[in-house]
2 protein chains.
Amino acid sequence: MESLTPRQKEIFEWICQYKQTQGLPPTRMALCTAMGFHSPNAAESHLRALARKGVIELLPGASRGIRILTQPDHPEGLPLIGRVAAGDPILAQQHIESYYPIGAELFHPRAHYLLRVQGDSMSHAGILSDDLLAVHQTTNVSNGQIVVARIHEEVTVKRYFRHLNQVELRPENPAFPIMTIDLTQTPLHIEGRMVGLIRSSWHS
Amino acid sequence: MESLTPRQKEIFEWICQYKQTQGLPPTRMALCTAMGFHSPNAAESHLRALARKGVIELLPGASRGIRILTQPDHPEGLPLIGRVAAGDPILAQQHIESYYPIGAELFHPRAHYLLRVQGDSMSHAGILSDDLLAVHQTTNVSNGQIVVARIHEEVTVKRYFRHLNQVELRPENPAFPIMTIDLTQTPLHIEGRMVGLIRSSWHS
DNA sequence: CGCCATACTGTATATAATCACAGTTTACGG
DNA sequence: CCGTAAACTGTGATTATATACAGTATGGCG
């Protein structure tokens, strides 16, 4: 965690303690009265600072929309990545949809995040739509492995094969086409490698 | 805790899961959309009922003022069932191979244990050998659901279809035969129903 | 010195959210 | 058959809350 000022640390710890004892995050007003502020904006700007430094996340528009990102709250949890916007790194704060109570070390190598699978292109490998893919964040992948790749803004899960500058991303479903990428022409980002799978809902 | 109705239990578990994954309690509206209510009062009265039965506390006037008082069993993980010996109930102590750090309330309805899948008879449903099946312990299953069944000492995972006293246990792989059981002749134990899946290792 | 970040005060407003009131339907026990 | 509880629909008022805008003061840094 990026270094907090003494005041910010004090406020952060109060927020953690509030949530621990009250069972829910505080409002801006509660923070004001606790810290002796006379303006709600004092709380607001402190929260913004804490969010900017990555120790909390603010959910816009939601009352008590304060999510604590470091230890005491999400021990052993993995973040679930939602929609991925252009350009941003996949594990950016704004992509985190929620946290799942799963030990990262359950997977080998360890998982860094979960990604919701969209579509049936890997259904013959037992990966169905809406499954959560456990991903180990690395660019170091070998032929035949199932990887999370990104071309421009599109994130996709496929089996990876590379020959020199040609990369093939093969689906595991004959209904979908093999994608062939020339690395000298199209930028390809390897976001990570599949290390596991969780299915917690499906249509009968 | 005073006995909850099935619906109330379902709602209570959803609230717990929401708080676990989102880091804060839900609003009435969130509960409505999750459960399919068209009226905020449906959520309100359910919350009142849960508060009256003592499993939650409502903080009047506070947004998201829901405090969870009794955790639905949280013994840090789900037991993984190993080989099942004749006669004993499947969740008996001696069958527990290890515990996996996974929140039981991640699944709907909640999982009671994990079972290691042996063989490829359900591979077309995305269930591969060595996957861990999350199982909700119940005998109340409907046609078409994927169930854990036991005939004598053999535990099997199949899709369940019943017509009167005839039960069909259908694999999801044409290479395996459909099992047909006459309940008047062969005892069949339904051990539970699939509510999820975890894959933490597989061959390449 | 000017520039920027931290740490606030004070006011205002749109909206998020609770919660009351008035109904309907289904099921179950006396 | 009546009463009661569970499980909802639908509307609307009130208040709780987030958050923009406009300031002030202080201290560190190049």
Side-chain angles (χ1 to χ4, degrees), chain A residues 1-15 18-19 22-69 93-94 96-98, chain B residues 1-16 18-19 21-69 108-109 140:
Chain A
M1 105 172 96
E2 197 179 329
S3 61
L4 301 181
T5 68
R7 188 61 167 159
Q8 285 170 355
K9 199 174 171 189
E10 194 183 336
I11 288 167
F12 175 61
E13 273 163 13
W14 180 86
I15 292 169
Y18 183 100
K19 218 206 115 181
Q22 303 300 311
L24 55 127
T27 64
R28 269 71 166 167
M29 262 315 276
L31 184 58
C32 281
T33 55
M35 307 310 282
F37 301 153
H38 291 147
S39 165
N41 193 38
E44 182 70 26
S45 45
H46 263 113
L47 289 174
R48 297 267 171 96
L50 290 174
R52 184 158 25 83
K53 295 192 176 180
V55 297
I56 65 169
E57 189 192 348
L58 291 177
L59 313 175
S63 69
R64 300 173 192 268
I66 301 168
R67 196 176 272 167
I68 295 166
L69 296 177
Q93 218 51 257
Q94 65 268 28
I96 296 177
E97 199 173 295
S98 64
Chain B
M1 114 170 85
E2 196 180 332
S3 62
L4 302 180
T5 67
R7 188 59 167 159
Q8 287 169 355
K9 201 174 169 192
E10 194 183 337
I11 288 167
F12 176 59
E13 274 164 14
W14 180 86
I15 293 169
C16 293
Y18 184 101
K19 216 203 120 184
T21 60
Q22 303 299 315
L24 52 116
T27 64
R28 269 72 165 167
M29 262 315 275
L31 184 57
C32 282
T33 56
M35 308 309 285
F37 301 154
H38 291 149
S39 167
N41 194 37
E44 182 70 28
S45 45
H46 263 112
L47 289 174
R48 297 268 171 95
L50 290 174
R52 184 160 24 84
K53 296 192 175 178
V55 296
I56 65 170
E57 188 191 348
L58 290 177
L59 314 174
S63 71
R64 299 170 191 271
I66 301 169
R67 196 175 275 166
I68 294 167
L69 298 177
H108 332 280
N140 185 15

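The basis for the numbers below is simple: all heavy atoms, side chains too, and nothing from hydrogens, waters or symmetry mates. Every chain is numbered from 1 and lettered A, B, ... according to where its sequence line falls, protein lines coming before strand lines. Being a predicted model, the structure only gives us computed values, none of them experimental.
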Original post:
So which of B/Leu69, B/Ile68, B/Ile56, B/Leu58 actually passes side chain to side chain contact (heavy atoms under 4.5 Å, CB included) with B/Leu50?
Top reply: B/Ile56
Subject >> For atom CG of B/Leu59 and atom P of C/dT18, their distance in whole Å >> reply: 11 Å
Subject >> Close approaches to DNA chain C from residues 28-36 of chain B, in residue order (heavy atom, under 4.0 Å) >> reply: B/Arg28
**OP:** Rounded off to whole Å, could you give me the CD1-to-P distance for the A/Ile56 and D/dA18 pair?
**Re:** 11 Å
Original post:
Between C/dT6, C/dA17, D/dA18, which nucleotide gets closest to the side-chain atoms of A/Thr27?
Top reply: D/dA18
Original post:
Quick one: B/Arg64 CZ to D/dT17 P, roughly how many Å, whole number?
Top reply: 11 Å
Original post:
OP1, OP2 of C/dA7 versus side-chain N and O of A/Ser45: anything below 4.0 Å?
Top reply: no
**OP:** Indicate the atoms forming the closest heavy-atom contact of B/Ala62 with A/Arg64, along with that distance.
**Re:** CB-NH2, 3.3 Å
Subject >> Angle of first-five versus last-five pair axes in the helix from C/dC1-D/dG30 to C/dG30-D/dC1, to 10 degrees >> reply: 30°
Subject >> A/Arg28 side chain to A/Asn41 backbone, donor-acceptor under 3.5 Å >> reply: no
Original post:
Could you give the CG-to-P distance, from B/Leu47 to C/dC19, as a whole number of Å?
Top reply: 10 Å
**OP:** Could you tell me the separation between the CG atom of A/Leu50 and the P atom of C/dA7, rounded to a whole number of Å?
**Re:** 10 Å
Original post:
Under 4.5 Å between any side-chain heavy atoms of B/Thr27 and B/Ser63, yes or no?
Top reply: no
**OP:** When you get a sec, tell me which of D/dA7, C/dA12, D/dT9 is the closest nucleotide to the side chain of B/Ser39?
**Re:** D/dT9
Original post:
If you take atom types as modelled and just measure distance, does the side chain of A/Asn41 reach the base of C/dT9 with a donor-acceptor pair under 3.5 Å?
Top reply: yes
Original post:
Of the non-hydrogen atoms in B/Phe37 and B/Leu31, which two are nearest, and what is the gap between them?
Top reply: CD1-O, 4.4 Å
Original post:
With nearest nucleotides of DNA chain D determined for B/Phe37 and A/Ala62 from heavy-atom distances, which residue corresponds to the more 5′ nucleotide?
Top reply: B/Phe37
Subject >> Integer-rounded Å distance: C/dA17 P and A/Leu24 CG >> reply: 13 Å
Original post:
Between atom CD in A/Glu44 and atom P in C/dT9, what is the gap in whole Å?
Top reply: 14 Å
**OP:** Starting at CD1 of A/Ile66, measure out to CG of A/Leu47 and round the result to the nearest 0.5 Å.
**Re:** 4.5 Å
**OP:** Search all heavy atoms of B/Pro25 against all heavy atoms of A/Gly23 and return the closest pair with its distance.
**Re:** CG-O, 3.9 Å
**OP:** Mind calculating the distance between NE2 (B/His38) and C1' (C/dA22) to the nearest angstrom?
**Re:** 19 Å
Original post:
Backbone N or O of B/Leu59 within a donor-acceptor pair of the B/Arg67 side chain at under 3.5 Å?
Top reply: no
Subject >> Whichever of A/His46 and A/Pro40 has its nearest DNA chain C nucleotide further upstream toward 5' >> reply: A/His46
Original post:
Out of D/dC8, D/dA6, C/dA7, which nucleotide sits closest to the side chain of B/Arg52?
Top reply: D/dA6
**OP:** Dump the intermediate steps for side chain to side chain contact (heavy atoms under 4.5 Å, CB included) on B/Val55 and B/Lys9, then the final yes or no.
**Re:** CA-CA 10 Å; B/Val55 296; B/Lys9 201 174 169 192; over 6 Å; no
**OP:** For D/dC8, take OP1 and OP2 only and decide whether either is under 4.0 Å from a side-chain N or O of B/Arg7.
**Re:** yes
Original post:
Counting side-chain heavy atoms from C-beta on, which of C/dT6, C/dA16, C/dC19 comes nearest to A/Ser63?
Top reply: C/dA16
**OP:** Measure the CD-CE distance between B/Glu10 and B/Met35 for me, rounded to the nearest 0.5 Å.
**Re:** 4.5 Å
